[in-house]
Each structure stands twice: as structure tokens, then as C-alpha cells.
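Presented below is the structure to which this report refers.
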2 protein chains.
Amino acid sequence: MARPREFDEGAVLDAAIERFWLRGYEATSVRDLADEMQIAGASLYNAFGDKRGLYAKALNRYLDQTFRERIRRIEPAMPPREAIEVFFKEIIKRSLSDKQRRGCMLVNSAIESAPFDPGFLSIVAIFLDEVEAFFLRCVSKGQKDGVVTRAHSASDLSKSLLGILLGIRVLARVRPERALLEGLLRPVLAMLDDARGPRGSLSR
Amino acid sequence: MARPREFDEGAVLDAAIERFWLRGYEATSVRDLADEMQIAGASLYNAFGDKRGLYAKALNRYLDQTFRERIRRIEPAMPPREAIEVFFKEIIKRSLSDKQRRGCMLVNSAIESAPFDPGFLSIVAIFLDEVEAFFLRCVSKGQKDGVVTRAHSASDLSKSLLGILLGIRVLARVRPERALLEGLLRPVLAMLDDARGPRGSLSR
DNA sequence: GCCAATCTAGATCGATCGTTCTATAACAAC
DNA sequence: GTTGTTATAGAACGATCGATCTAGATTGGC
């Protein structure tokens, strides 16, 4: 029994993601956001509380729409060793086609906004756990299937993959070059293979 | 024939590094900086031009005092395979003892301030090349000595090492945990070893 | 048709931003 | 000691920050 919203929350959140992703939290003003979202400042505050609340919602939506979507789509669709490879190759492809050098909003948040905001830090830390868990499932399954090396624990390997993922996304923001990102990935994927030789790699 | 500086440029730059490293470029105000540097705002502008110029000088000094110092010290002092290992272990040690979670000012700059400032971007990009070149020298020498695998090109391996380095430094800011960073490193170091078995690793 | 509730746009708030100005202090050269 | 030059401290500048207020518009319930 009141006046309804004139905007679609998902659409304006996508616009907010765009600004925050490109410029970060501090360098994006509420006026920038309201312009990009095509709503008035008062509507922004009415709907999302404050700049902080908007950022948290935008970050969560970003994670859902990019990483979580990717994991949900890839993991059940192919064997674990391939899932890891496709996961990384999709991310490199996106990094190379990112003409604005936005990089990765997760990494940007982890570096810029999370360290001094417990709410942001929690979102980032929890999600890093999710990615590590995804890698861990893939590596463990791959080891059981005999397509991933047992020379290292699944725990260590999944941590290495997490580290490489973050490194790729840093480079995506500052040196998004095909030779760099694809060259970087080759030894890492081979690291998963048994010393007796790879089995199940898409790259052969 | 004029009034001399009352402050030591290196000392006040160290103070500026401290603030910028912890909070980043945007979230650090000139008043924060002047307080930490214990000089007046006018002296800051007189000596460094503007906030941007101060940041550039602070970042370059940081790179000199941490990374470049480490490379200069380690590279001539030990065989290449050990140099890589010691390099990473020092960085993990520093990451774990960083109670303020400052992470790495290079990575923080790459993510937060470099993408929209050509001057900062140049400093970061040039330095990433330096680190990659260090890894490339170590890997190439190690391959010639037979202590690093020839299964991948020195170019690819050094790119992987660069990626892992950046990943470690992202995690240092948000999840500085020993089990994570040390676990992450093990498969990466083993990646350098020949499939026939490691030779020259410090970890055995 | 009126009420209560929630939306909208735009003006406006005090605070803080990066930067500059004013006035004075400390040196070297002569 | 005077002069020229640069450094100092602190006030001050206009601009912009995140956030709120004012006023009016739009709905459902009665």
C-alpha cells in the first residue's frame, strides 16, 4: 500500500557493479553511482541504506553472476581435470577481452576495500573458501580417477590453484597480454599431471 | 643561499610509504600523510609537488627497499634453484609477520592506483618486468645446470612464478595463514623440478 | 476521495578533500 | 646588516564527499 519502485533492483545493481568494478570503492562517488544507475541519490539511499551496503550487495551479485555461475556450470558438465582447465581458460579469455582493464572485482575488493571493513572482508574470505573448495573437489576426484598426480596432497594443489587464479587476475588489470597469461598457465596445468605423463589434459 | 630542509627526505618518505601501503592511495588524505610524516602540508607540497608525486616517490622507494634489495642480495649468493626458493620463503615469512595485513604495496598499487594513472602504471609494469626477468635468469641458469626441469620453457616457468608471487601477495592481505601460503608453495617449487626427481631443492 | 506509506527529484547539510595563500623564519652571499 | 631565496606553520580556498531534508508524486486500503 505504497508507491512502488520505479527501477529494477537487478539492473541498477549491475550498473553499480560496473562503476565499483572499474574504479574501486573509494574512487567511486555516490553521485557517479546514481548517474550510472539512473536513479536519484535519495532512491539509492532508500533502497540500499548507504554506499557500504550498496557495495556489499553489488559484490555479492558479481560473485554470483561470474564465479559461482561458472563453477555451477562447469563442475557437473565434465571430468574434474577438464573442469579446472576450462575454468582457468574461461577466466583468461575474459581477462584478455576486458578492454577497460577492470580486472577482477573479487581481487580488487580483497586488496582495496576488504582489509578495513569486516563486512567486505567476510564476503571475500568466504568466497575464497568456496573457490578453494571447488578446486579441492576437482583435484580429489581427479586423484581418485587417476588423472591428477598424487605427488602432492589435494589440499596443497588446490591452494596452488587458488594462488594462481588470484595472480592471473592481478595481471589482468595491469598486463592483460595473451602470451603472459597463457604461458603462465601451461606449467600450472602440467603440475596437475602425474610425473609419468599427463592423462586427460585437453591441451594434447 | 636559502633556508635548509628541516626533515630527512628518506625518513618522511618511509612514513608516507607506511600510510599508502596500509590504506592505499585514495583512502589516504594529505592530512593523514602530513601527520605521519611530521611535516606541515605546505612542506609536503614544496618537497614533492602533489599527492601523486609523493605516491610515485614512495612506491619507487618501497620497490627499491624490498624487492630490488631482495633480488640483489639473493641472486648472487646462491644457486638459481635455491634463489627462487629463498625468494618465495622470505616473502611468505614477511606476509605472515605482517600484523597490519598491509599485503604488498606493489600489488596494492597494481590493483588500486595504477589502472587510471599512466605514471603509476608505468612504475608497476616496469617492475613486474624486472621480477619476471629475475625469475627468467634463475630458471634459465637452473635449466643449464640441470637442476630445473626442461619440460617447460624458461619463459613459461618464469611467468608462472610471477603469477604465483602476485597470488601469494593477494592472499597475504586477506588470508595471511601459514598453512595456506606454505601449502600453496610446495607444488609450485616441485613444478620446477625434473619429472625424474628433484635435484637441488632445499626442502629435502 | 482521503489516509497512510513509500517512492521520487533536487536542494542542502556539515565534513573533508587536495591544494594554495599569508606571513614569518632561517640560511648564504655580499 | 642587508638582501635574496627557500622552508616553515597554519589559515584558508573552492570543490566534492557521503548523507539527509524538503516537497511532491504514486500507489493500496478504506
Side-chain angles (χ1 to χ4, degrees), chain A residues 1-59 108-109 112-120, chain B residues 1-59 108-109 112-120:
Chain A
M1 56 164 162
R3 179 175 175 177
R5 290 261 161 85
E6 291 184 3
F7 58 86
D8 175 64
E9 179 161 320
V12 300
L13 268 181
D14 286 340
I17 287 173
E18 199 59 36
R19 293 306 293 176
F20 279 135
W21 189 356
L22 184 65
R23 300 293 259 129
Y25 180 82
E26 293 288 347
T28 302
S29 76
V30 175
R31 285 165 184 83
D32 285 344
L33 290 163
D35 285 350
E36 182 91 14
M37 298 161 82
Q38 300 192 71
I39 60 176
S43 297
L44 187 160
Y45 278 86
N46 179 58
F48 301 102
D50 58 8
K51 185 185 178 185
R52 205 166 280 254
L54 175 60
Y55 187 83
K57 275 214 160 173
L59 177 56
N108 299 356
S109 294
E112 195 230 11
S113 54
F116 292 91
D117 185 292
F120 300 163
Chain B
M1 56 162 163
R3 179 174 175 176
R5 289 261 161 86
E6 291 185 3
F7 58 85
D8 174 65
E9 180 162 319
V12 300
L13 268 180
D14 287 339
I17 287 172
E18 199 59 36
R19 295 304 295 176
F20 279 134
W21 190 357
L22 185 65
R23 300 293 260 131
Y25 180 81
E26 292 288 347
T28 302
S29 76
V30 175
R31 283 165 185 82
D32 285 344
L33 289 163
D35 285 351
E36 182 91 16
M37 298 161 83
Q38 301 192 70
I39 60 175
S43 297
L44 189 159
Y45 277 85
N46 180 59
F48 300 102
D50 57 10
K51 186 185 178 185
R52 203 167 282 253
L54 174 60
Y55 187 83
K57 274 215 161 172
L59 176 56
N108 300 356
S109 295
E112 196 229 11
S113 54
F116 292 90
D117 186 292
F120 299 164

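Chain A is the first sequence line, chain B the second, and so forth, proteins listed ahead of strands; every chain is numbered from 1.
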Report, as a single string ordered 5' to 3', how protein heavy atoms within less than 4.0 Å touch nucleotides 12-17 of chain D: B base, S sugar-phosphate only, - not at all.
B----B
To the nearest 0.5 Å, what is the distance between CG (B/Leu59) and CH2 (B/Trp21)?
11.5 Å
Expressed in angstrom and rounded to an integer, what is the separation of A/Met37 atom CE from C/dC7 atom C1'?
15 Å
I need the minimum non-hydrogen distance between A/Ala34 and A/Gly41, along with the two atoms involved.
CB-N, 4.2 Å
Options D/dT8, D/dA19, D/dA7, nucleotide nearest the side-chain atoms of B/Phe7
D/dT8
Look up atom CZ in A/Arg19 and atom CG in A/Asp32, then write down how far apart they are to the nearest 0.5 Å.
5.0 Å
Which residue lies toward the 5' end of DNA chain C, B/Glu6 or B/Gly41, if each is placed at its nearest nucleotide?
B/Gly41
Does D/dT8 have its OP1 or OP2 closer than 4.0 Å to a side-chain nitrogen or oxygen of B/Ser43?
yes
To the nearest angstrom, the CD-P distance between B/Gln38 and D/dA9 comes to 11 Å
Atom CZ of A/Phe120 and atom CD of A/Glu112: how far apart are they, to the nearest 0.5 Å?
9.5 Å
Electrostatic pair A/Glu26:A/Arg23 at N-O distance under 4.0 angstrom:
no
From CG of A/Asp35 across to P of C/dG10 the rounded distance in Å is 11 Å
The residue, B/Leu44 or A/Gly49, whose nearest nucleotide of DNA chain D is more 5′ is B/Leu44
Residues touching DNA chain C, which here means a heavy atom under 4.0 Å, drawn from residues 8-20 of chain A:
none
If you apply the rule side chain to side chain contact (heavy atoms under 4.5 Å, CB included), what do you find for B/Leu54 with B/Tyr45, and how did you get there?
CA-CA 9 Å; B/Leu54 174 60; B/Tyr45 277 85; over 6 Å; no
Whole-Å distance separating the CZ atom of B/Arg23 from the C1' atom of C/dC17
15 Å
Let's go through A/Glu18 and A/Leu13 carefully: what are the C-alpha distance in whole Å and the side-chain angles of both, what is the deciding distance for side chain to side chain contact (heavy atoms under 4.5 Å, CB included) to 0.1 Å, and is it a yes or a no?
CA-CA 9 Å; A/Glu18 199 59 36; A/Leu13 268 181; over 6 Å; no
Side-chain contact check for A/Arg5: nearest option of C/dT19, D/dA19, C/dC7 is C/dC7
May I have the step-by-step check of side chain to side chain contact (heavy atoms under 4.5 Å, CB included) for A/Asn108 and A/Tyr25, ending in yes or no?
CA-CA 9 Å; A/Asn108 299 356; A/Tyr25 180 82; over 6 Å; no
Under the side-chain hydrogen bond (donor to acceptor under 3.5 Å, both in side chains) definition, can you give me all pairs with a residue in residues 47-59 of chain B, not counting sequence neighbours?
B/Glu9-B/Lys57, B/Arg52-B/Asp117, B/Tyr55-B/Ser109, B/Tyr55-B/Ser113
Among residues at least two apart in sequence or on other chains, which ones pass side-chain contact (heavy atoms from CB on, under 4.5 Å) with B/Asp14?
B/Ile17, B/Arg61, B/Gln65
Rounded to whole Å, please give me the gap between CG in A/Asn46 and P in C/dC7.
4 Å
For B/Phe7, which residues count as a side-chain contact (heavy atoms from CB on, under 4.5 Å) partner, sequence neighbours excluded?
B/Arg5, B/Val12, B/Ile39, B/Ser43, B/Ala47
Between the protein and nucleotides 21-25 of chain D, which nitrogen or oxygen pairs are less than 3.5 angstrom apart?
from	atom 1	to	atom 2	distance (Å)
D/dA25	N3	A/Arg3	NH1	2.9

Of the listed nucleotides (D/dG18, D/dT27, C/dT20), which one gets closest to any side-chain atom of A/Tyr45?
D/dG18
Return the value, rounded to whole Å, for the distance between atom CD1 of A/Ile39 and atom P of C/dT6.
18 Å
Which value, rounded to the nearest 0.5 Å, describes the distance between B/Glu36 atom CD and B/Leu22 atom CG?
9.0 Å
